[in-house]
Each structure stands twice: as structure tokens, then as C-alpha cells.
2 protein chains.
Amino acid sequence: MDSIKIARVLSDPIRYKILMMLVSSESSCCSPASHMDTDNPTGLCNCELMSELDMIQSRVSYHMKELVESGLVNEEPRGKWKYYYANQRKVLDYIEQLKKDMKLE
Amino acid sequence: MDSIKIARVLSDPIRYKILMMLVSSESSCCSPASHMDTDNPTGLCNCELMSELDMIQSRVSYHMKELVESGLVNEEPRGKWKYYYANQRKVLDYIEQLKKDMKLE
DNA sequence: TGAATACATCAAAAAAATTTGATATGATTA
DNA sequence: TAATCATATCAAATTTTTTTGATGTATTCA
């Protein structure tokens, strides 16, 4: 059941916060805007998350892996860096599944 | 953040299954229908969950406690038994919070 | 009342998830 | 090419969650 996996990923406070940061992010660190994918102008890289969250690198990396593997976040390598952005569609899909399972609406 | 707590509860496969069972339950075990709360004709008791899920009593009890404490399930003691029913409004609230946090719609 | 039934709670064990520090990989830049 | 920077991965330690078996409490029923 996919919604269980999504719920697990969403149940960690740090990941939830990261997801909200990604949803809200309009600018990027570490590189000029020209490095960004034109279709996805938003995004954050690990280094920004590290300083923003005051967490060591491997810890950020671990949580980003969880987020990406769940599909809630997409990643986009740009040279040395890796940018992340929220996959809002995945959240919508999760919500739809939840509604269906819980016989809502 | 409340949605994190809800997500944690929803991230366990057993609890998710129980919640779906409660949502779908129209009849009850262990007692005549007259024992049921008239406002909430659905519901299941521990004993039915035990046999349905093939789990020992303390395990069912643990998960029901988690579900009740999260607000996803309401309980209703009826004499010797305890009936549970899904609180669909709580799921809806969770979904609304999620939508808000993820800037959806 | 006393036996039986249903559920709660507890502590210990087991399992799963997270954190950390060290090291590895891979791209960039001097 | 060598040094540097950003990120990935790993194993061990820690923390959190779940499971189990034992025991406690409350209600029902004979």
C-alpha cells in the first residue's frame, strides 16, 4: 500500500519541514539562476538545507533520499550540486488514495 | 505539528488496515445492535479485530490506543466491550492541513 | 459471590528508524 | 592534474516503535 509509505515519510518532523521549505522555495543557493531547470525554477540544494536546518550533511542526505525515494520530492543534479523540489502531484495522489480508502466524499 | 502525528499513526500497516475496517464496518460483533450508540451505528470491538487480524489482544490494544489518542478513532465503552469507529472528520482535517502546508489548490 | 470475559497496562525483547563520524565518489576549478 | 567542493554511502551507536507474555482491572453472568 503506497499511502502507508508516504505517511511514513511524512511522519518525520524534519522531512515534513523540508517538504514545506521546498514548496515555499522560489530562489536557490549555490548557483546563479541560470543553472536551474527552466521548467522548475524553484528548488533547494543540500547545502542550503544544511545551513537552514542546522544539520550535518549525511543527515540531510539521508532524509533527502527518503523524500526522493517516496516520490514526494524530485531531484535534479546540476553539476556539483543537486537541487530538490517538491512533487505536489504526489501529495495530491496520496490525498486521493486516503479519501478513497477512508470513503470520504 | 499535528499532521506529523497523524501521519505517524497512518504509517503503520496494521493501523491503516484497522482504520479501513472501521470505515467499512456496518455490523458489530459481541452484542446485539441495541447495544450500539444510535448516532454511530457502525463500530467494531477488540475481539472482532483480534480474530479478523489474527493478532493477540495486547497488540490490538496497543494499536487501538494509538488510533484513539490520535483522534482518528473514537471509542465507546459498552459494558464489558469497547467499540471503535472511525473519525472521518479527523482524516479530513488532516487532509486540509496537508493541502495548506503543501500549498495545494 | 465467584468464575469468566473483555480490555488495559507493564516491562522486557525485538525490530525499525534515525543519527553520527568516517570515508568514498564525482564534478569543478585553480 | 591536483585540490576543493558537494553529495553519497557505510557501519556503529542511538532512539523510537512495535511486539510479546504476564498481570491487573472492571464488567457480566451463573
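Protein chains get the first letters and strands the later ones, always in sequence-line order, with residue 1 at the start of each.
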Distance check needed: C:dC7 C1' versus B:Met55 CE, whole Å only.
14 Å
Do you know which two heavy atoms are closest between B:Tyr85 and B:Leu22, and how far apart they sit?
C-CD1, 4.2 Å
Could you state the atom-to-atom distance from NE2 of A:His63 to P of D:dT15 in whole Å?
15 Å
So does B:Arg15 get a side-chain nitrogen or oxygen closer than 4.0 Å to the phosphate oxygens (OP1/OP2) of D:dT18?
yes
Look at A:Asn46 and D:dC5 and indicate whether a side-chain polar atom (N or O) is within less than 4.0 Å of OP1 or OP2.
no
Report yes if the side chains of A:His63 and A:Leu53 come closer than 4.5 Å at any heavy-atom pair, otherwise no.
no
Of the listed nucleotides C:dT20, D:dT20, D:dT9, the one nearest the side chain of A:Ser61:
D:dT9
Summary of protein contacts for nucleotides 22-30 of chain C, nucleotide by nucleotide, where a base hit scores B, a sugar-phosphate-only hit scores S (4.0 Å, heavy atoms):
B----SS--
Rounded to the Å, how far apart are B:Arg59 CZ and C:dT9 C1'?
18 Å
Measure from CD on B:Glu66 to C1' on C:dA8 and round the result to the nearest Å.
14 Å
For B:Tyr62 and C:dA14, give me the distance from atom OH to atom P, rounded to whole Å.
17 Å
Distance check needed: D:dT16 P versus B:Ile4 CD1, whole Å only.
15 Å
Taking all non-hydrogen atoms of both residues into account, name the closest pair between A:Ser3 and A:Tyr94 and its distance.
O-CE1, 3.4 Å
Under 3.5 Å, is there a donor-acceptor pair between the side chain of A:Ser51 and the main chain of A:Glu48?
yes
Measure OH/A:Tyr83 against P/D:dA6 and give the value in whole Å, please.
10 Å
Go through C:dC7, C:dT18, C:dG21 for me and flag the one nearest to the A:Asp12 side chain.
C:dT18
Just compare C:dT20, D:dT19, D:dT9 and give me whichever is closest to any side-chain atom of A:Lys65.
D:dT9
Expressed in angstrom and rounded to an integer, what is the separation of A:Glu69 atom CD from D:dA8 atom C1'?
12 Å
Output all residues satisfying salt bridge (charged side-chain N to carboxylate O under 4.0 Å, His left out) with A:Lys17, sequence neighbours left out; order by chain, then residue number.
none
Polar side-chain atom of B:Gln57 near backbone of B:Met50 as donor-acceptor pair, under 3.5 Å
no
Please assess B:Met64 against B:Glu75 for the test side chain to side chain contact (heavy atoms under 4.5 Å, CB included), listing each intermediate value before the final yes or no.
CA-CA 9 Å; B:Met64 294 322 292; B:Glu75 62 185 359; over 6 Å; no
